[in-house]
Amino acid sequence: MIIIYTLMSWLPNLRESFIGELLAKLVEPYLSPFRRIIPPIFGMLDISPIVALFVLQFAMQGLLFIISMAFGA
């Protein structure tokens with residue numbers, strides 16, 4: 001969802017559609033803390049979705065590790 005939402009920023013009219021607004025409601029709560037911490041580069045390049053995806057991947061790996069240790073799989 002984050003990747004699709006980010007790609008939709010290249011087509012502003014697409015973000016105004018029903019799907020764009022739905023994705024915004026789902027993705028923005030997760031991205032907004034990263035946007036507050038990481039300013040855009042050169043005033044227009046937003047790398048916060050990339051950092052958010054790395055954090056999400058890191059959290060998933062950690063959760064899988066905890067689950068595998070708990071259940072001995």
Side-chain angles (χ1 to χ4, degrees):
M1 286 191 303
I2 294 172
I3 294 170
I4 293 169
Y5 184 70
T6 304
L7 292 176
M8 287 174 65
S9 69
W10 294 348
L11 304 168
N13 293 336
L14 198 53
R15 277 207 177 164
E16 302 301 322
S17 68
F18 172 74
I19 294 173
E21 291 178 7
L22 178 66
L23 278 176
K25 289 179 183 177
L26 295 172
V27 172
E28 279 299 327
Y30 179 67
L31 287 180
S32 62
F34 294 100
R35 287 194 173 131
R36 282 194 300 265
I37 296 170
I38 305 165
I41 298 174
F42 304 118
M44 57 188 251
L45 182 62
D46 185 17
I47 62 166
S48 60
I50 297 169
V51 175
L53 285 172
F54 279 126
V55 169
L56 188 60
Q57 183 67 30
F58 183 72
M60 286 179 8
Q61 292 291 330
L63 186 60
L64 287 174
F65 177 76
I66 291 171
I67 291 171
S68 68
M69 293 301 288
F71 295 108

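Residues take their numbers from the sequence shown, with the count starting at 1.
Using a cutoff of 4.0 Å between basic side-chain nitrogens and carboxylate oxygens, E28 and R35 are scored as salt-bridged.
Side-chain atoms of Q57 and L53, non-hydrogen and from C-beta on, never get closer than 4.5 Å to each other. P49 places a side-chain heavy atom less than 4.5 Å from the side chain of T6.
Note on M69 and M60: separate hydrophobic clusters, where clusters join Ile, Leu, Val, Met, Phe, Trp and Tyr whose side-chain heavy atoms are under 4.5 Å apart, directly or indirectly. Linking Ile, Leu, Val, Met, Phe, Trp and Tyr whenever their side-chain heavy atoms come within less than 4.5 Å puts I38 and F42 in one cluster. There is a path of hydrophobic side-chain contacts, each under 4.5 Å, that joins L11 to L23. F65 and F58 fall into different hydrophobic clusters, where Ile, Leu, Val, Met, Phe, Trp and Tyr are joined by side-chain heavy atoms under 4.5 Å apart, directly or via other members. A continuous path of Ile, Leu, Val, Met, Phe, Trp and Tyr side chains, each step under 4.5 Å between heavy atoms, connects M1 with L31, placing both in one hydrophobic cluster.
To the nearest 0.5 angstrom, E16 atom CD is 9.5 Å from L14 atom CG. We find the OG-CE distance between S17 and M8 to be 4.5 Å, quoted to the nearest 0.5 Å. The structure places CG of L56 at 5.5 Å from CD1 of I2, a figure rounded to the nearest 0.5 Å. Atoms OG and CG, from S68 and L63 in turn, are 9.5 Å apart once rounded to the nearest 0.5 Å.
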Evaluate the criterion side chain to side chain contact (heavy atoms under 4.5 Å, CB included) for residue pair Y30 and V55; output intermediate values, then yes/no. CA-CA 11 Å; Y30 179 67; V55 169; 3.9 Å; yes
Dump the intermediate steps for side chain to side chain contact (heavy atoms under 4.5 Å, CB included) on Y5 and L26, then the final yes or no. CA-CA 10 Å; Y5 184 70; L26 295 172; over 6 Å; no
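Residue I3 qualifies as open at atom CD1: its count of foreign heavy atoms under 6.0 Å is 12 or below. The environment of I19 atom CD1 is sparse: at most 12 non-hydrogen atoms of other residues, nucleotides or ligands sit within 6.0 angstrom.
When each of I50, V51, I47 is tested with F34 by the rule side-chain contact (heavy atoms from CB on, under 4.5 Å), just one qualifies, namely V51.
Pairing each heavy atom of A24 with each of P29, the nearest pair is O-CD, 3.9 Å.
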